[in-house]
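Predicted model only: the values in this text are computed from it and were never measured. Sequence lines set the chain letters: A, B, ... in the order given, protein chains first and strands last, and positions in each chain run from 1. These numbers come from the heavy atoms of this one structure, side chains and all, not from hydrogens, waters or symmetry mates.
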Amino acid sequence: MADRAIALIDCNSFYASCERVFRPDLRRVPIVVLSNNDGCVIARSAEAKPHVRMGEPYHKIRDVVRRHGIVAFSSNYALYGDMSQRVMTVIESMVPALEVYSIDEAFADLTGISGPEQLARQIRAQVLKQTGIPTGIGIGPTKTLAKLANAAAKRWQQHTGGVVHLDTPERRDWVLRKMPVDEVWGVGRRMKEHLAVAGIKTAWDLAQADAWTLRKRHSVVLEKTARELRGVPCLDLEDEPQPKQEICSSRAFGERLHAIEPIREAVATYAARAAEKLRAQGSLCKQVRVSIRTGMFNPNEAKFAKGIVCELPFPSDDTRLIIKAASQGLDAIYRTGYAYAKAEILLMDLRQRGEFSGDLFAQEQPESSERVMGVLDQINARWGRGTLRPARVPVTPGWGMRRELLSPRYTTDWNGLWKVGCK
DNA sequence: TCTGGGGTCCTAGGACCC
DNA sequence: TCTGGGGTCCTAGGACCC
């Protein structure tokens, strides 16, 4: 069998790049994108990286932002999601198999292709030309090495032109020796600390470590990572997206909430959103977990957090039933006297529609639910999310997200003056 | 004043059973 | 004093990813 060649294509500073596509005047200007509620920095353009750390709270860096002329944006997920689809479509048309790994990354199988590096350069050029998004590409015999090659392409951008192919043992070893161990996919802050004790500091050290010891002292996951670094494939390309095993909708409120009624609105809104995602992947859920909590950072606020799992009478994807369960759950956990900051809905015990439940006499969701939800989803698909919604879900809630620096929904707004690609 | 939201997988430990 | 061994299932929590 030919040597495997897995490519990892990743968009540079994706959210910041998306904003820049529609603001050519910002081509050389440092850009940051903020999390929901304009809380902290979640993306930085190359120019902003020297001045701003990832995850830094926005209120702490206002001075720096002003001093360096950094332009900040609220996150605009409608835009990023749409841009992501465009990028993936371009790549998909150029490779035999693609696994979309996240909003800004995908693995492609280039095994058997002659000149994978050349193809990678063509992919970069096409994606840039058709979407305006710059990318970096790493190629290696395993996913973990492809990721590392991608990191190398970023780190030595000038010399590599954004593409690194670890096709010889010499190149592989050179990169392994240069890369700190926490640049390896699957090694985070904690693991880095543990490994340092054993003298494992670089990717090379980890690749050389004894597999059995890694498994015993740490985990099978780390053992696989080390094998992959040596070029032994342990992770396959998954071109069929797997249905999620749990679905979450959670968000901090735009302001602190005290009374139960506005929290109930938020819980209903999140529950409705989670139910939409559930139906989109054709699943039913049997449990709904609702949780609420106060702020966790301010030492002057009384802290409180509680959640509860509510069992549904039968596996369901009916927004109304899920909201009802969540609302009852809220009644059970809510305590007066706290300033609540966030709520979360988690749909659990998921199964695909029609999957055997294990209980011959188990009750099933009535057919009327399917009809009503079908109509709901159709209308919202046609006219935009939130056109038709349960009574409990307000249009413009007082507790909604703060997004003071939001860019227009250039590509998706129904009321927009123009749409990309519809010239 | 002000610190994201969405996931996955693995492990340890408790409850329970024979 | 000493206090089975083996198994399953479930849950909570840790660690990681983007």
State whether [X] places a side-chain N or O below 4.0 Å from either non-bridging phosphate oxygen (OP1 or OP2) of [N].
X         : N      : result
Arg251(A) : dG6(B) : yes
Gln242(A) : dT8(B) : no
Asn298(A) : dC2(B) : yes

Where the side chain of [X] is defined as all heavy atoms beyond and including C-beta, which of [options] is the nearest nucleotide?
X         : options                 : answer
Lys277(A) : dC2(B), dC10(B), dG7(B) : dG7(B)
Ser219(A) : dG4(B), dT11(B), dC2(B) : dT11(B)
Ile247(A) : dG4(B), dC2(B), dG7(B)  : dG7(B)
Cys40(A)  : dG6(B), dC17(C), dT3(B) : dT3(B)
Ser35(A)  : dG6(B), dA15(C), dG4(B) : dG4(B)

Reckon Tyr101(A) touches a base, only the sugar-phosphate, or nothing at all at heavy-atom distances under 4.0 Å?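 Sugar-phosphate contact only - Tyr101(A) comes under 4.0 Å of backbone atoms but never of a base.
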
So what does Arg273(A) hit on the nucleic acid, given a heavy-atom distance under 4.0 Å: a base, only sugar-phosphate, or nothing?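 It contacts nothing in the nucleic acid.
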
Say we look at dC17(C) and dG4(B): how far apart would their C1' atoms be, to the nearest angstrom? 15 Å

Main-chain N/O of Asp104(A) paired with Ser84(A) side-chain donor or acceptor, under 3.5 Å: no

Test your reading of the model: is there a side-chain donor-acceptor pair from Gln365(A) to the backbone of Asp317(A), 3.5 Å cut-off? yes

Begin from the C-alpha positions of Lys147(A) and Glu105(A) and carry the test salt bridge (Lys or Arg N to Asp or Glu O under 4.0 Å) through to its verdict. CA-CA 10 Å; Lys147(A) 279 282 241 182; Glu105(A) 276 177 58; 2.7 Å; yes

Name the orientation class of the two ring planes belonging to [X] and [Y] (parallel below 30°, tilted from 30 to 60°, perpendicular beyond 60°).
X         : Y         : answer
Tyr410(A) : Phe22(A)  : parallel
Tyr101(A) : Phe107(A) : perpendicular
Phe304(A) : Tyr340(A) : perpendicular

Under 6.0 Å between ring centres, would you say that holds for Tyr77(A) and Tyr15(A)? yes

Dot-bracket for DNA chain B, please. Rules: Watson-Crick or G-U, both distances under 3.5 Å, ( ) within the strand, [ ] when a pair crosses earlier ones, | for another strand, . otherwise. ....||||||||||||||

